[in-house]
Amino acid sequence: MSSDERGRRDEILEAALKCFLEKGYDATTINDIRERSGASTGSIYHAFSGKDAIAAELLAGTLDHWQRTLLARLERETTAEGLVRGAVEHFVDWVAQAPDRARFLFHSPRARLESAAQEGLQARNAELLVALKAMFRPHVKARALRALPTSLLLPIIVGPAMEWARTWLAGRSPTGPAEARRVLADAAWAALRA
């Protein structure tokens, strides 16, 4: 894919993101995306098979970015507390820096994604859990962290932060990112330390 094609594709994705957030997924049409992006209908269909494919790529790209930056952040940590706090702080910071992507992540039409897209997302999530398990395992063995099933790590670490993000992004939380970052990291550490 040429850089021009990649650039056009990115423009279409960003236009679609804005349309989905403003109008809702169901109400957004390819014509809305075309008008917003300045791309021709043919150009859109050359890059994507339709609206569901655009949404699937937006979702995959959003999750991929969050997961890659999370792992990069956690690779710098050497202590159990640093891992737990780092994961919470990264999530809160990511939401504050990419609020549109976070809103889409929470409200994306996952049930409508093609099975191949759903399988890709499941594979990404499984890879993340494997990486987290490898990072956390030495701290569990050293008894700095509670021994829990890997499937519960992420919900305990970022579950409360996700709930804060939903309310903050909707304008219903008076607690901003700086305070949320500190309080939620304290709570996650208290829940997971041995």
Side-chain angles (χ1 to χ4, degrees), residues 1-3 5-21 23-30 32-34 36-37 39 41-75 83 86-88 90-95 97-137 140 148-163 165-166 169:
M1 179 181 307
S2 73
S3 62
E5 289 174 320
R6 183 73 234 166
R8 173 50 77 190
R9 197 174 175 87
D10 290 345
E11 289 170 2
I12 293 167
L13 289 168
E14 284 305 310
L17 176 63
K18 298 291 186 199
C19 290
F20 294 155
L21 292 175
K23 298 182 82 169
Y25 181 78
D26 290 331
T28 297
T29 65
I30 289 293
D32 295 326
I33 297 167
R34 180 193 59 74
R36 186 78 175 241
S37 68
T41 303
S43 179
I44 292 173
Y45 281 108
H46 177 72
F48 303 97
S49 62
K51 185 171 77 168
D52 288 349
I54 294 170
E57 186 155 332
L58 273 171
L59 182 58
T62 298
L63 281 173
D64 183 62
H65 179 263
W66 175 70
Q67 290 175 352
R68 277 186 302 100
T69 56
L70 170 65
L71 292 175
R73 167 71 168 80
L74 296 183
E75 285 172 358
L83 282 173
V88 173
H90 174 269
F91 183 78
V92 171
D93 292 346
W94 181 82
V95 167
Q97 292 164 7
D100 286 349
R101 291 287 178 151
R103 281 184 188 92
F104 182 73
L105 186 63
F106 293 136
H107 302 291
S108 63
R110 293 178 193 215
R112 293 195 183 142
L113 298 181
E114 298 171 1
S115 61
Q118 288 182 7
E119 289 169 14
L121 294 175
Q122 289 171 350
R124 266 192 179 88
N125 289 337
E127 288 172 17
L128 176 66
L129 287 178
V130 166
L132 289 175
K133 184 176 183 177
M135 289 178 172
F136 281 74
R137 185 181 304 120
V140 171
L148 296 169
T150 306
S151 61
L152 293 178
L153 274 178
L154 218 47
I156 290 171
I157 294 171
V158 296
M162 288 179 119
E163 188 55 32
R166 282 185 179 94
L169 290 167

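Note that these values count all heavy atoms, side chains included, but never hydrogens, waters or copies made by symmetry.
- Listed here is the closest heavy atom pair of Arg103 and Leu169: NH2-O, 3.2 Å.
- In this view, Ile156 and Leu148, Leu152, Ala191, Leu192 satisfy the side chain to side chain contact (heavy atoms under 4.5 Å, CB included) rule, not counting sequence neighbours.
- In this view, Ala87 and Leu70, Leu74, Ile157 satisfy the side chain to side chain contact (heavy atoms under 4.5 Å, CB included) rule, not counting sequence neighbours.
- For the atom pair OG (Ser37) and CG (Asp32), the distance works out to 10.5 Å, reported to the nearest 0.5 Å.
- Relative to the six-membered ring of Tyr45, Arg34 misses at least one condition, a distance below 6.0 Å or an angle of at most 45° to the axis.
- Here the side chains of His107 and Leu21 are not in contact, with every heavy-atom distance at 4.5 Å or above.
- Between Trp66 and His90, the ring planes lie tilted relative to each other; the angle falls in the 30° to 60° range.
- Between Val92 and Ala161, the shortest heavy-atom contact is CG2-CB, 4.3 Å.
- You'll find the side chain of Trp94 reaches within 4.5 Å of the side chain of Thr62, heavy atoms only.
- Here the closest non-hydrogen pair linking Pro155 and Pro160 is O-CD, 3.6 Å.
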Would you please test Thr150 and Phe136 for side chain to side chain contact (heavy atoms under 4.5 Å, CB included) and show each step?
CA-CA 9 Å; Thr150 306; Phe136 281 74; over 6 Å; no
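- Taking CD1 from Ile12 and CD1 from Ile33, the interatomic distance works out to 9.0 Å, rounded to the nearest 0.5 Å.
- Counting all heavy atoms, side chain and backbone alike, Ala47 lies closest to Arg9 at O-NH1, 2.6 Å.
- Contact detail for Ile30 and Gly50: the closest heavy-atom pair is CD1-C, 4.2 Å.
- A salt bridge links Arg68 with Asp64: at least one charged nitrogen is closer than 4.0 Å to a carboxylate oxygen.
- Salt bridge status for Arg124 with Glu127: absent, with no side-chain N to carboxylate O gap under 4.0 Å.
- With contacts defined as side-chain heavy-atom distances shorter than 4.5 Å, the pair Met135/Leu71 qualifies.
- Here the straight-line distance linking atom NZ of Lys23 with atom OG1 of Thr29 works out to 5.5 Å at 0.5 Å rounding.
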Hey, mind stepping through Met162 and Val95 against side chain to side chain contact (heavy atoms under 4.5 Å, CB included) and telling me if it holds?
CA-CA 9 Å; Met162 288 179 119; Val95 167; over 6 Å; no
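- To the nearest 0.5 Å, the span separating CG on Leu17 from CZ on Arg36 amounts to 9.0 Å.
- How far CG of Asp52 is from CG of Leu59: 12.0 Å, rounded to the nearest 0.5 Å.
- Residues satisfying the salt bridge (charged side-chain N to carboxylate O under 4.0 Å, His left out) test with Lys51, not counting sequence neighbours, are none.
- Under 4.0 Å is where a charged nitrogen must lie from a carboxylate oxygen, and between Glu14 and Arg101 at least one such pair does.
- The distance from the CG atom of Leu58 to the CZ atom of Phe48 is 7.5 Å, given to the nearest 0.5 Å.
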